[in-house]
Trainee: 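Got a structure for you, written out below as structure tokens; questions coming shortly.
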Amino acid sequence: MSIPMPNLDTSPHVSDEVRKTTCYMCACRCGINVHMKDGKVAYIEGNRDHPVNKGVLCAKGSAGIMQHNAPSRLRAPMRRVGPRGSGQFEEISWDEALEQAVGWLKPIRETAPEKLAFFTGRDQSQSFTGLWAQQFGTPNFAAHGGFCSVNMATAGIYTMGGAFWEFGAPDWERTKLFMIFGVAEDHDSNPIKMGLGRLKERGAKVIGVNPIRTGYNAVADEWVGITPGMDGLFILSLVHELMRAGKIDLEYLARFTNAPVLLDSDPKSDDYGMFLRDDDGKMLVIDRRTGKPAPFDQKGVQPDLNGHIRMAGVTHVTVMNQMAERYLDAKYSPDVVGPQCGISAERIRRIAAEIARVAFDEAIELDHSWTDFRGDTHDKMVGRPVSFHAMRGISAHSNGFQTCRSLHMLQIILGSVETPGGFRFKPPYPKPSTAHPKPHFTATPGKPLDGPHLGYPQGPEDLALHEDGSPIRIDKAFTWEHPLSAHGLMHMVISNAHAGDPYKVDTLFLYMANMAWNSSMNTRSVMEMLTDTDENGDYVIPNIIYSDAYSSEMVAYADLILPDTTYLERHDCISLLDRPISEPEAAADAIRWPVVEPDRDVRGFQSVLIDLAARLGLPGFVNDDGSAKFEDYADYIVNHQRKPGIGPLAGWRMGENGLSDGRGEPNEAQIDSYIANGGFGVFHIPDDAQFYKPWNNAYQDWAVNLGLYDAPAPYLFDIYVEPLRKFQRAAEGHGDRQPPEHLRERLKHTMDPLPLWYAPLSDEREDLEEFPVHALTQRPMAMYHSWGTQNAWLRQIHGHNPLYLPTHWWEKLGLSDGDWVRVTSSHGEITVPAAHMAALNENTVWTWNAIGKRKGAWALEDGAPEATKGFLLNHLIHELLPPKGDGLRWANSDPITGQAAWFDLRVKMEKAEAPAESQPGFAPIKSPVGTGPDQLRWKVGK
Amino acid sequence: MHPAPSIIAFTTLSGLGLGLLFWLGLDPTAPTGWVGFAFFAIGYAMAVGGLSASTFHLGRPERALKAFTQWQTSWLSREAWCAVAALTVMGIYAFFLVFFSVQIAPLGWLGAVLCLLTVYTTSMIYAQLKTVPRWHHWSTSALFLALALAGGALLSGRVTIAMVLLLIAGGLQAWWWQTGDKRLKDSGSSMESATGLGSIGAVRAFEPPHTGNNYLLREMVHVVGRKHSQKLRLIALGLMMVLPVLLLLLPFGHVWALVAVLAHVAGVAVARWLFFAEAEHVVGLYYGKR
Amino acid sequence: MTQLPDSTQRKLGLVIDLDTCVGCHACVVSCKGWNTENYGAPLSDQDPYGADPSGTFLNRVHSYEVQPLATSAMPHPAAQLIHFPKSCLHCEDAPCVTVCPTGASYKRVEDGIVLVNESDCIGCGLCAWACPYGARELDQAEGVMKKCTLCVDRIYNENLPEEDREPACVRTCPAGARHFGDFSDPDSAVSQLVAERGGMDLMPEQGTKPVNKYLPPRPKDGWQGETDVLAPYLEPVAEEPQGFLGWLDKTLEKL
Ligand SMILES: Nc1nc2c(c(=O)[nH]1)N[C@H]1C(S)=C(S)[C@@H](COP(=O)(O)OP(=O)(O)OC[C@H]3O[C@@H](n4cnc5c(=O)[nH]c(N)nc54)[C@H](O)[C@@H]3O)O[C@H]1N2
Ligand SMILES: Nc1nc2c(c(=O)[nH]1)N[C@H]1C(S)=C(S)[C@@H](COP(=O)(O)OP(=O)(O)OC[C@H]3O[C@@H](n4cnc5c(=O)[nH]c(N)nc54)[C@H](O)[C@@H]3O)O[C@H]1N2
Ligand code: SF4
Ligand code: SF4
Ligand code: SF4
Ligand code: SF4
Ligand code: SF4
Ligand SMILES: [Mo]
């Protein structure tokens, strides 16, 4: 039978042109092909050549066209005309706006630069914004890392010079057992999914450790529904089991870690617990060939894991010896730990056994010879194909730093960091804490700061304290309260500035952070702090400048709005100096460029900062004659040099013999070269340098060549972190910089140089009987924080968010579909829609993060479900712990790094009458951009 | 299924109108002249009104003529042809009756058959759908036909036949409801078969694909409370069958007849509302709804 | 044309791997993006910034919770969550085609793709009623039926590089949970996957003979059992630190 078929053009015209740039629907930074029709954005797909996403694209990335055209886009600079928080603005010119900003900033710079607090959110240009703040001279700069995942970042850096955060990745092609802790989505959105897909293809095993079984945990072969806050204990129990069975990589530990390093074991010594060092300051080990102490890096030395040396009647032992003492203790046995974590002892044993089996019985070997820093050549690369990954689930707790340390240690003792099948660094990592700058904070009126703000303290001497012990920074970073706060504490800025503790500021300058809503703890109070007035009726925080691209909640709380472009309309630089897009096989950096010109009176924020810098005459941004040094950000990207020959972009520089990668003079055609190459540059690591990077001469040389290091800098992994011991030692009363009394005990306990577990700090202050339930948030894969909501396509997927309750509580409260619950913490109360979920830890409830919206924001209509049924958990979370009665403000943060402890939240619940809208409700703000159209029929090429 | 007013009006009115025309076509002493005109006008108004109401349901009514093309496979297309044929044939038949008082009986018989065929094709639009187990049964066609015949008899003033047919149709309707309630379960379609996950365990919908609404949910998923539907079934039966039969038992009066007809029409409309509102489309299984 | 071909020359379709899908909705949105700009009318959205946003999507990702039955080895099995993408399955016995009164719906003889010829569609909705899978949505702005085209305007498109001639949803899926190919060829990658992993039909009882297949999730939580005496637990070398250090010395000597 022949059936007539309509004529169909199966080869229609796809687009006039493809412009390749970098996605910014989230911070993963995938490469995108932007298909253009009639000069307009028609369709966005992944760039197959791109090192990050290799062609794939997530939901957000594909929805970029709706973001780029969102009705919520700001249109022009604005000056506030109504009271703060009302949303009433008038549009002004850029000249007026910039003069206004200069009018506020110039006097501050000349008299008291610390009166400017400049904090940025999901900033991808921190090396630039940081430089700007440094040249301005304020010590008060940081990005959002403090409330994000600084525990993970610093724990990794201090332990091994890189972290499970975006500084490395599992060897997806070779790993056979992959264990993922506390991850819903992560920054590496697409690479993790691609990696999981590869594992599934190869039939490798995936274990998900998470109270909630969605997403990655749903596809995991084994789901461990752990009780929140308990991971450290679970991990140390695995360490206990592995050590007890001798299933650790002794050779690796001896060669590449400080496990064999000798500790001053004399309790009477001032240096008790510090490393024994030779006269050159080199750590000492016992050389197994001689039985004598030797510097750890001496050629041919064979460090003895169980070495000891007796001096002046004291036997000094190794770090390994301390590890045995600690981790073989029965308190870490599965039988003890299991019930506390909500995991059966058998299962912990089973997982430990499986880790050991895969690591040691399924070891893999690559036939690549390599030479280590001691000069020893190895003819093979031995891999133990077990890898871990973890993120905020273990990091956003007040015991997160030590928990993250524990997991890094577990990966290390298996000998599977930087070996095939294990965890691998992404350049510029590995980079140990000692290779990072220390914090700088010395402000001098009219002068730049003495160095970069953020860094890695090596001891009490690096703390940002005045003579009298008071904090130098507004966020109290680098103080005894959280000594290693390497990313600052953005979540404390508004609260501290409002309280005048440690001092008041004059201008709060925020960029890309929705601090009046989803990125704040204690959202209602933050809104009040931003609008609070003093006895003269003046705002307590006098001036607020904000740069956003969209009509977010925060816009309403600023006095001056500097509207940014969308990500398709500006230059950006994703630099090796900052948070590049490298993968373990290659260093890589990227740009964004205006694939379309803005159709509104908006400017790229970085270009605006450059303009401001010129108007303020900031050194480095002006020529000797006072004229602007850079025309705009693109000019800066090409021509700024951090050090001679090193600039924001590593590719297509001008070497001595033509174009070169890494080091070289600025090249005016650099951006064009990036564009021609798809928006990125990739700098491959040679085969013999692919693994063992911290100790591999070939890698070290390659890295020096590319400009990542100035000289080879091999180092040992710090299972034992000496700087922590220094703080602990101070708390024990040694040294001249002493902590305040009220922090002494806490420092002694928490600043342990070997990983340990302690209960989340808030547990001491809460009535655990009254608040028996843990409340968490997760990132939805199809939404990016607050900024996905303005997207007509994405908001249909996640337009509101129920609170998911486990069966235990669902039944206990007698709930059925459509019911609402009142959820109360020691700080606040919300009333929200409830839903049932069985695949959930039985004492955990959760919801999607940042779906709830304030009426009037994001160009949505007031009845939008985001505002009527959506909600934030943030109303229940306080930036301070419940008061202790000592008159002090105790931050709800990790005591080591200051990481905001979002996930320590405990609540109680009851069934509630369904209110008309989720509670608390807030008065609508006036939308500066109106609302969107009531129908979309999007098609560019008609 | 979504009980769209346009489709309820369409099936209710066209069924009754065609039923009336059927009886007029068979009637050996069909009315002529003004009386005939009145009868035919009512029949046509209902049939054509119903059919045109169905176009309100179309996304592109201006292309409605295209619906005639696929009579080989499509019941909707067949319905279109039958309707046109029935209305044309009955039109010629009526024309001669009304204006010339000439009864061309074979034309009437043909028209009558075509009217029934049209009702049958309408019913098959629903009964063919495996996706709606409640409808997917021979009894759906029987019910449509029975209601058309009973309603037509009532409208055409055939008291005895109408009473008998009303009782039959009412009984059928009650039985159809009764058995219909089990049909989804018996169809073998379940969340387990829909998802293929039954071999692991009991399946429950967790999150819908979108928190936003969609066409499928609006069109295919309509949940009626059990109590509510029982009540409506009683009302429908009362109006479509019990009340008209009781009224017909009374001595004949135009007012009572009119009330009987209106009650019947209202009862059928309620039953049709239920016909759609209670019909579970298997797609609901994907949403954990039925 | 609403007759179904007796057989098609090829059977193009998708394999969806339920063991791998992480439920990210990437396929949903890339499909929306491609099909808004390409084949036929754009996929419209109603009330896109308001209280009741709703639009046309050709592919949606459900999620289900499955509670395994308790067994003696596993008395309290954990519930599982499965992400479940669903678009047109391009059925061999497509009821959506035969019901169509206008011939707008048809199944292509050359590759089995089920399409709607939008210029013939009257938007009666009957095909959507006939589809058991919810694979058809009537576009509210255009008044015509929309459905997955299997990206017929990509897979043969000579304006696209060879490697991109696959459906948008497949090209974008980060986890690689979607595969496209010809099921009539037993050697094709999709046929092989189906054979190896026990690819299944959705609602086989509906008799639609779907071309698209779903790979079931692999068995999960095998280590959850409490009573597994054969479990390969680790043998201790030492219970106490001193014993451990002794073992350490001995082992190091052997290295
Ligand atoms: N309850 C709870 N709260 C949390 C978390 C949690 O897990 N649970 N997570 C925390 C974490 S880790 C983070 S990082 C924060 C994130 O919270 P925020 O830092 O507030 O992040 P976003 O909401 O993504 O967006 C910030 C602002 O950036 C604006 N923006 C978007 N694109 C551009 C652009 O191109 N230019 C400019 N200038 N602005 C733009 C958006 O409009 C938005 O107003 O939330 C924190 N809050
Ligand atoms: N799509 C999308 N991607 C994003 C973002 C986004 O908003 N949307 N935001 C970006 C940002 S700023 C960040 S910081 C990253 C964060 O990425 P993730 O680290 O994945 O952050 P969360 O979504 O907060 O997920 C935390 C996970 O930890 C689990 N968890 C909570 N407490 C515990 C615990 O005690 N133990 C264990 N084992 N698990 C626990 C939660 O259940 C949840 O699954 O994502 C980035 N990527
Ligand atoms: S993960 Fe998605 S949103 Fe983030 S950069 Fe990549 S494509 Fe864009
Ligand atoms: S893109 Fe792939 S992983 Fe994501 S929802 Fe679709 S099929 Fe699943
Ligand atoms: S899935 Fe539905 S629309 Fe697609 S061919 Fe099968 S019946 Fe037709
Ligand atoms: S909606 Fe269009 S394609 Fe579907 S049956 Fe009606 S005419 Fe055919
Ligand atoms: S094949 Fe094309 S039309 Fe079909 S679901 Fe995938 S992207 Fe959408
Ligand atoms: Mo974050």
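Residue numbers start from 1 in every chain, and the chains themselves are labelled A, B, ... in the order their sequence lines are given, proteins ahead of strands.
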Trainee: Could you check whether any side-chain heavy atom of C:Glu239 comes within less than 4.5 Å of a side-chain heavy atom of A:Leu328, counting everything from C-beta outward?
Mentor: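 Contact flag for C:Glu239/A:Leu328 side chains = no.
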Trainee: Side chain, backbone, both or neither: which part of A:Thr214 has a non-hydrogen atom closer than 4.5 Å to chain C?
Mentor: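 Looking at A:Thr214, backbone and side chain both touch chain C.
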Trainee: Quick check on A:Asp862 against chain C: is it the side chain, the backbone, both or neither that has a heavy atom closer than 4.5 Å?
Mentor: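 Neither part.
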Trainee: Give a yes or no on whether a salt bridge exists between A:Glu222 and C:Lys220, defined as a side-chain N under 4.0 angstrom from a carboxylate O.
Mentor: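 No salt bridge links A:Glu222 with C:Lys220.
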Trainee: Between C:Asp45 and A:Trp793, do the side chains contain a donor N or O and an acceptor N or O under 3.5 Å apart?
Mentor: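 A:Trp793 vs C:Asp45: donor-acceptor pair found between side chains.
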Trainee: Below 4.5 Å from any heavy atom of chain C, which atoms of A:Leu794 appear? Answer side chain, backbone, both or neither.
Mentor: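 It is the side chain, since no backbone atom gets that close.
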Trainee: From A:Leu8 CG over to C:Arg108 CZ, what is the distance, rounded to the nearest 0.5 angstrom?
Mentor: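 CZ of C:Arg108 is found 5.5 Å from CG of A:Leu8.
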Trainee: Would you call A:Arg937 and C:Leu43 a side-chain contact if the rule is heavy atoms closer than 4.5 Å?
Mentor: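 Contact flag for A:Arg937/C:Leu43 side chains = no.
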Trainee: For side-chain contact (heavy atoms from CB on, under 4.5 Å), just list the numbers for A:Met781 and C:His25, CA-CA rounded to whole Å, side-chain angles, deciding distance to a tenth of an Å, and then say yes or no.
Mentor: CA-CA 8 Å; A:Met781 292 180 182; C:His25 296 266; 6.0 Å; no
Trainee: If you count heavy-atom pairs under 4.5 Å between each of C:Val152, C:Asp17, C:Thr36 and chain A, which one has the most?
Mentor: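 Result: the option with the highest number of such pairs is C:Thr36.
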Trainee: Between C:Arg218 and chain A, with a heavy-atom cut-off of 4.5 Å, which part of the residue counts as in contact: side chain, backbone, both or neither?
Mentor: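 It is the side chain, since no backbone atom gets that close.
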Trainee: Could you look at A:Arg357 and say if it's the side chain, the backbone, both or neither that has a heavy atom under 4.5 Å from chain C?
Mentor: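 No part of it gets close to chain C.
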Trainee: C:Ile155 versus chain A, heavy atoms under 4.5 Å apart: side chain, backbone, both or neither?
Mentor: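 For C:Ile155, there is no contact with chain A at all, as no heavy atom is under 4.5 Å.
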Trainee: Within a 6.0 Å radius of atom CD on A:Gln935, are there more than 12 heavy atoms belonging to other residues, nucleotides or ligands?
Mentor: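 Atom CD in A:Gln935 is packed in, count exceeds 12.
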Trainee: Going from CG on C:Leu234 to NZ on A:Lys247, what distance comes out if it is rounded to the nearest 0.5 angstrom?
Mentor: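 Answer rounded to 0.5 Å: 7.0 Å.
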Trainee: Is the closest basic N to carboxylate O distance between A:Glu251 and C:Lys254 below 4.0 Å?
Mentor: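 No, this pair does not count.
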Trainee: A:Ile44 versus chain C, heavy atoms under 4.5 Å apart: side chain, backbone, both or neither?
Mentor: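 Neither; nothing under 4.5 Å.
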Trainee: Name the member of C:Gly23, C:Gly50, C:Ser44, C:Gly55 that forms the most heavy-atom pairs with chain A at distances under 4.5 Å.
Mentor: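 The answer is C:Gly50.
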Trainee: Write down the atom of A:Arg288, the atom of C:Leu252, and the distance for their closest heavy-atom approach.
Mentor: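 So the minimum-distance heavy-atom pair works out to NH2-O, 2.7 Å.
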Trainee: Rounded at 0.5 Å granularity, tell me how far CG in C:Asn117 sits from CE in A:Met5.
Mentor: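 Output value for this atom pair is 11.5 Å.
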Trainee: If I measure from the heavy atoms of chain C, does A:Pro933 come under 4.5 Å with its side chain, its backbone, both, or neither?
Mentor: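 Contact with chain C: backbone and side chain both.
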Trainee: Name the option with the most non-hydrogen atom pairs under 4.5 Å to chain A; the candidates are C:Ala79, C:Ala51, C:Pro236, C:Pro174.
Mentor: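 Maximum pair count with chain A is reached by C:Pro174.
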Trainee: With a 4.5 angstrom heavy-atom cut-off, could you sort out which part of A:Ala867 is near chain C: side chain, backbone, both or neither?
Mentor: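 Neither the backbone nor the side chain of A:Ala867 comes within 4.5 Å of chain C.
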Trainee: With only heavy atoms counted, which part of A:Glu185 is less than 4.5 Å from chain C, the side chain, the backbone, both or neither?
Mentor: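 Neither part, no heavy atoms under 4.5 Å.
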Trainee: Is the shortest heavy-atom distance from the side chain of A:Ile65 to the side chain of C:Glu37 under 4.5 Å?
Mentor: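 No, their side chains stay 4.5 Å or more apart.
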Trainee: Please indicate whether A:Asp934 has more than 12 foreign heavy atoms, meaning atoms of other residues, nucleotides or ligands, lying under 6.0 Å from its CG.
Mentor: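 For A:Asp934, atom CG is not crowded (no more than 12 foreign heavy atoms under 6.0 Å).
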Trainee: What are the two closest heavy atoms between A:Gly197 and C:Thr20, and how far apart are they?
Mentor: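 Closest approach of A:Gly197 to C:Thr20: CA-CG2, 4.1 Å.
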Trainee: Can you check whether A:Glu346 reaches C:Trp223 side chain to side chain, under 4.5 Å on heavy atoms?
Mentor: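 No. Closest side-chain heavy atoms not under 4.5 Å.
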Trainee: Could you tell me which portion of A:Met323 (side chain, backbone, both or neither) has an atom closer than 4.5 angstrom to a non-hydrogen atom of chain C?
Mentor: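 Contact with chain C is absent: no heavy atom of A:Met323 under 4.5 Å.
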Trainee: About how many Å separate CG of A:Asn306 and NZ of C:Lys250, when rounded to the nearest 0.5 Å?
Mentor: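 The distance works out to 12.5 Å.
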Trainee: Below 4.5 Å, heavy atoms only, C-beta onward: do C:Asn157 and A:Pro12 meet side chain to side chain?
Mentor: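 They are in side-chain contact.
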Trainee: If you tally heavy-atom pairs under 4.5 Å against chain A, which of C:Lys32, C:Glu158, C:Arg154 wins?
Mentor: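 Ranked by heavy-atom pairs under 4.5 Å with chain A, first place is C:Lys32.
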Trainee: Identify which of C:Glu235, C:His83, C:Arg60, C:Gln67 forms the greatest number of heavy-atom pairs closer than 4.5 Å to chain A.
Mentor: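 Max contact count across the listed options: C:His83.
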Trainee: Side chain, backbone, both or neither: which part of A:Leu199 has an atom under 4.5 Å from a heavy atom of chain C?
Mentor: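 Contact with chain C is absent: no heavy atom of A:Leu199 under 4.5 Å.
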Trainee: Below 4.5 Å from any heavy atom of chain C, which atoms of A:Asn33 appear? Answer side chain, backbone, both or neither.
Mentor: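 For A:Asn33, the side chain is the part near chain C, not the backbone.
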Trainee: Can you tell which part of A:Ala838 gets under 4.5 Å to a heavy atom of chain C, answering side chain, backbone, both or neither?
Mentor: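 Backbone plus side chain of A:Ala838, per the 4.5 Å heavy-atom cut-off to chain C.
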Trainee: Name the option with the most non-hydrogen atom pairs under 4.5 Å to chain A; the candidates are C:Trp34, C:Trp247, C:Phe57.
Mentor: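 The residue among C:Trp34, C:Trp247, C:Phe57 with the greatest pair count is C:Trp34.
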Trainee: Is any side-chain heavy atom of A:Lys193 closer than 4.5 Å to a side-chain heavy atom of C:Cys24?
Mentor: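 Yes - at least one pair of side-chain heavy atoms lies under 4.5 Å apart.
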Trainee: Report which part of A:Ile207 has an atom under 4.5 Å of a heavy atom belonging to chain C: side chain, backbone, both, or neither.
Mentor: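 Side chain of A:Ile207 only, per the 4.5 Å heavy-atom cut-off to chain C.
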Trainee: Side chain, backbone, both or neither: which part of C:Asp164 has an atom under 4.5 Å from a heavy atom of chain A?
Mentor: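 Both the backbone and the side chain of C:Asp164 come within 4.5 Å of chain A.
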Trainee: Quick one: pull up CG in A:Leu305 and CG in C:Leu245 and give me the separation to the nearest 0.5 Å.
Mentor: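 Here the interatomic distance stands at 10.0 Å.
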Trainee: Which heavy-atom pair separates C:Pro48 from A:Arg795 by the least distance, and what is that distance?
Mentor: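 Shortest heavy-atom contact: O-NH1, 2.5 Å.
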Trainee: With a 4.5 angstrom heavy-atom cut-off, is it the side chain or the backbone of A:Lys54 that approaches chain C, or both, or neither?
Mentor: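 Neither part.
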Trainee: Please flag which part of C:Glu163 lies under 4.5 Å from any non-hydrogen atom of chain A: side chain, backbone, both or neither.
Mentor: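 For C:Glu163, the contact with chain A is made by backbone and side chain together.
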Trainee: Less than 4.5 Å apart, any side-chain heavy atom of C:Gln80 and any of A:Arg213?
Mentor: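 C:Gln80 vs A:Arg213: side chains touch.
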Trainee: Would you name the heavy atoms of A:Gln796 and C:Pro53 that are closest together and state the gap between them?
Mentor: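 For A:Gln796 and C:Pro53, the tightest heavy-atom pair comes out as CG-CB, 4.0 Å.
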Trainee: Do A:Asp221 and C:Asp221 make a side-chain contact, defined as non-hydrogen atoms from C-beta onward lying under 4.5 Å apart?
Mentor: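 Contact flag for A:Asp221/C:Asp221 side chains = no.
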Trainee: Side chain, backbone, both or neither: which part of C:Cys31 has a non-hydrogen atom closer than 4.5 Å to chain A?
Mentor: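 Neither part, no heavy atoms under 4.5 Å.
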Trainee: How many angstroms lie between CE in A:Met320 and CZ in C:Phe244, if you round to the nearest 0.5 Å?
Mentor: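 Between atom CE of A:Met320 and atom CZ of C:Phe244 there are 4.0 Å.
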Trainee: Check whether C:Ala177 gets within reach of chain A through its side chain, its backbone, both or neither, counting any heavy atom under 4.5 Å.
Mentor: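 The answer is neither part of C:Ala177.
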